[in-house]
J.: 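Before anything else, here's the structure in question.
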2 protein chains.
Amino acid sequence: MGALQVKQLGTSEPRTQSQDSRDEILKAAMQLFANRGFHETSMSEVAREARVSKALIFWHFKTKEELFVAVLNRLLEPYFIDFAEEAAMDERAQIEKLAESYLSFVRDNASSVRFFLAQMLHDERLSESLNDQVLKLYSGYRAMLVELIARAQQKGICTRRTAPESAAAFLLSALNGLLIEYLFMGENAVDPEGAVAMVGEWLFGAPPGSSSTEGGGAPAA
Amino acid sequence: MGALQVKQLGTSEPRTQSQDSRDEILKAAMQLFANRGFHETSMSEVAREARVSKALIFWHFKTKEELFVAVLNRLLEPYFIDFAEEAAMDERAQIEKLAESYLSFVRDNASSVRFFLAQMLHDERLSESLNDQVLKLYSGYRAMLVELIARAQQKGICTRRTAPESAAAFLLSALNGLLIEYLFMGENAVDPEGAVAMVGEWLFGAPPGSSSTEGGGAPAA
DNA sequence: AATCCGCCTAACCTTTCGGTCAATGGCAAC
DNA sequence: GTTGCCATTGACCGAAAGGTTAGGCGGATT
């Protein structure tokens, strides 16, 4: 969970003027691209927002597209989630934690998730590399799930007999569905804990501490 | 499932020249908007594609945005699915059929689904009405699911005790997840039947054909 | 025959786009 | 002090955007 933060600007390092202005430009472009998209954002706007001349942007970045991919890469930085396998937990807890961090990540990065999704949906040639990178992250996540489920089945913890690949795919689909529900309906319409509890029940049967009194998994209105 | 088709142009009806050209323009604009998006499509392109002068477009539609919403409405036509409740089926079959038609609809209209999704994600002010209409369809679908699940629970067919609203929400999320998986990974990566079967099992327990009597939904290890 | 009107176009207008260029001020090296 | 490089700028460019205008053509009305 460590790598969830955006890289902080090292204010102590000796930064050149150039680096400073470059950073300012990237920051402005990031905001504008994310809120309006690529084609709807003009270089003049970026220049104004960054309080810099338009020519300077073209000094730092040869073309508008080069600026765009620089922004993409910067936006992607926080996406490399550190899924430290906490060996202490059993598989069920690990899987639920994985699902939880997926959802909380989406919650915390909603605007850029939205941006990436829109970008990938609609501007294919501009963001092939983005597509690749996201796909990589995605399949890594899926592989983790598959392995966890397989292990749980071997241990006999998981009662569901579905093939691990199918189960993982279904689980991921459910998570993605929550993602888009969240993006459209907003925070209040989604109940992450309830959803996580549901997939848990789906895979493993009754809730973990069902004999005692605990509030998890209660149906919401 | 009758209303899934796009309205055919009635070639037999007496159409005026005006209607013809208007139609040609809409057709061209539809294609271009869907493939490239609003801002990336120019009126000159539309004119060229429709083999018509640019001025004629502005004679039919006051502005570019007016053309756009006309296209939106035309694209939305096939979205009004006719969910004729086939009273002969039991609730499980009805729910599975609902899920199936959701997925096959997405498969058949992939390009416009993609377009709408991108549009809603990224250009909020341009497509408020689109947002509303889609939301309406969506909540209609959800309401149907809720009712079906509630009835199944009353009848005792559905073993799952979750509140119908929560179950329907989760089911819809899973479907939406499949939707985006389909949009990104393509046809071969998604297994609609498998997914439908899974939600069926999730709600009702064992597959319908396996045994006439299914006892507890979540078998213990 | 003259007129009117619906449909359509070529040419034009204004604005803004991505991008270039010559010219600057600051600053370190010689 | 001059040279030379880095960072930066305002002015400028051709192209293309969305949109307008004046007018042509053809068929119905008078």
Side-chain angles (χ1 to χ4, degrees), chain A residues 9-11 13-72 74 119 122-127, chain B residues 9-11 13-72 119 122-123 125-127:
Chain A
L9 317 175
T11 47
E13 298 167 15
R15 346 189 70 245
T16 69
Q17 284 180 320
S18 168
Q19 282 174 322
D20 264 347
S21 67
R22 192 189 147 96
D23 224 73
E24 210 69 27
I25 292 168
L26 272 175
K27 227 173 60 185
M30 205 169 81
Q31 212 192 79
L32 290 170
F33 281 146
N35 291 345
R36 293 176 220 192
F38 179 74
H39 296 274
E40 300 83 340
T41 301
S42 75
M43 296 301 261
S44 312
E45 277 177 304
V46 176
R48 188 175 345 113
E49 185 77 12
R51 273 164 314 190
V52 142
S53 78
K54 193 174 60 162
L56 182 58
I57 304 184
F58 284 98
W59 187 85
H60 279 294
F61 310 91
K62 274 193 272 277
T63 71
K64 187 186 181 185
E65 303 205 354
E66 190 177 309
L67 170 62
F68 183 70
V69 311
V71 168
L72 278 196
R74 175 167 271 215
Q119 197 58 42
H122 139 135
D123 228 335
E124 276 171 81
R125 61 158 261 284
L126 232 178
S127 26
Chain B
L9 317 175
T11 47
E13 298 168 15
R15 347 191 66 246
T16 69
Q17 282 181 318
S18 168
Q19 282 173 323
D20 263 347
S21 68
R22 192 190 146 97
D23 225 72
E24 211 68 28
I25 291 168
L26 272 175
K27 228 173 60 186
M30 204 170 81
Q31 211 193 80
L32 289 169
F33 282 146
N35 291 344
R36 293 177 217 193
F38 178 75
H39 296 274
E40 299 83 343
T41 300
S42 75
M43 297 300 263
S44 311
E45 277 177 305
V46 177
R48 189 176 344 115
E49 184 76 14
R51 274 164 314 192
V52 142
S53 79
K54 196 173 55 163
L56 182 58
I57 305 183
F58 283 99
W59 186 84
H60 280 294
F61 310 92
K62 272 193 273 278
T63 70
K64 187 186 181 185
E65 304 207 355
E66 190 177 310
L67 171 61
F68 183 69
V69 312
V71 167
L72 279 196
Q119 195 58 41
H122 148 130
D123 226 335
R125 62 158 260 286
L126 233 178
S127 26

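To find a chain, count down the sequence lines: A is the first, B the second, and so on, and within it residues start at 1.
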J.: Could you tell me whether the side chain of B/Phe33 reaches within less than 4.5 Å of the side chain of B/Leu67, counting heavy atoms only?
T.: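 Touching, per the 4.5 Å side-chain cut-off.
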J.: Rounding to an integer number of Å, can you tell me how far B/Arg51 CZ sits from C/dT9 P?
T.: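 About 12 Å, once rounded to whole Å.
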J.: Does A/His39 reach the side chain of B/Phe38, with side-chain heavy atoms less than 4.5 Å apart?
T.: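 In short, these two side chains do not touch, never coming nearer than 4.5 Å.
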J.: For the pair made of CZ in A/Arg48 and P in D/dT8, what is the distance, rounded to whole Å?
T.: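 After rounding, the reported distance stands at 20 Å.
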J.: Could you tell me whether the side chain of B/Val52 reaches within less than 4.5 Å of the side chain of B/Trp59, counting heavy atoms only?
T.: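 Not touching, per the 4.5 Å side-chain cut-off.
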J.: Would a 4.5 Å heavy-atom cut-off, applied to side chains only, mark B/Glu66 and B/Thr63 as touching?
T.: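 SC-SC contact between B/Glu66 and B/Thr63 confirmed.
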J.: Looking at A/Arg48 and A/Glu45, is there a salt bridge between them, counting it only when a charged N and a carboxylate O are closer than 4.0 Å?
T.: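 No.
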J.: Using nucleotides 17-23 of chain C, report all nitrogen or oxygen pairs with the protein that are shorter than 3.5 Å.
T.:
residue: C/dC17; atom: OP1; partner: A/Ser42; partner atom: OG; Å: 3.3
residue: C/dG18; atom: OP1; partner: A/Thr41; partner atom: O; Å: 3.4
residue: C/dG18; atom: OP1; partner: A/Lys64; partner atom: NZ; Å: 2.7
residue: C/dG18; atom: OP2; partner: A/Met43; partner atom: N; Å: 2.8
residue: C/dG18; atom: N7; partner: A/Lys54; partner atom: NZ; Å: 3.3
residue: C/dG18; atom: O6; partner: A/Lys54; partner atom: NZ; Å: 3.4
residue: C/dG19; atom: OP2; partner: A/Lys64; partner atom: N; Å: 2.8
residue: C/dG19; atom: N7; partner: A/Lys54; partner atom: NZ; Å: 3.3
residue: C/dG19; atom: O6; partner: A/Lys54; partner atom: NZ; Å: 2.6

J.: Find the distance B/Ile57:CD1 to C/dA10:C1' and express it as a whole number of Å.
T.: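 From B/Ile57 CD1 to C/dA10 C1': 15 Å.
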J.: When the distance from CH2 of B/Trp59 to C1' of D/dT21 is rounded to whole Å, what number comes out?
T.: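 In whole Å, D/dT21 C1' lies 16 Å from B/Trp59 CH2.
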J.: Just N and O in the side chain of B/Ser21: are any of them under 4.0 Å from OP1 or OP2 of C/dC7?
T.: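 For C/dC7, OP1/OP2 do not have a side-chain N/O of B/Ser21 under 4.0 Å.
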J.: What pair of heavy atoms forms the shortest contact from A/Thr41 to A/Arg36, and how long is it?
T.: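 Looking at all heavy atoms of both residues, the shortest contact is OG1-CB, 3.7 Å.
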J.: For A/Glu40 and D/dA17, give me the distance from atom CD to atom P, rounded to whole Å.
T.: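 Value for this atom pair: 15 Å.
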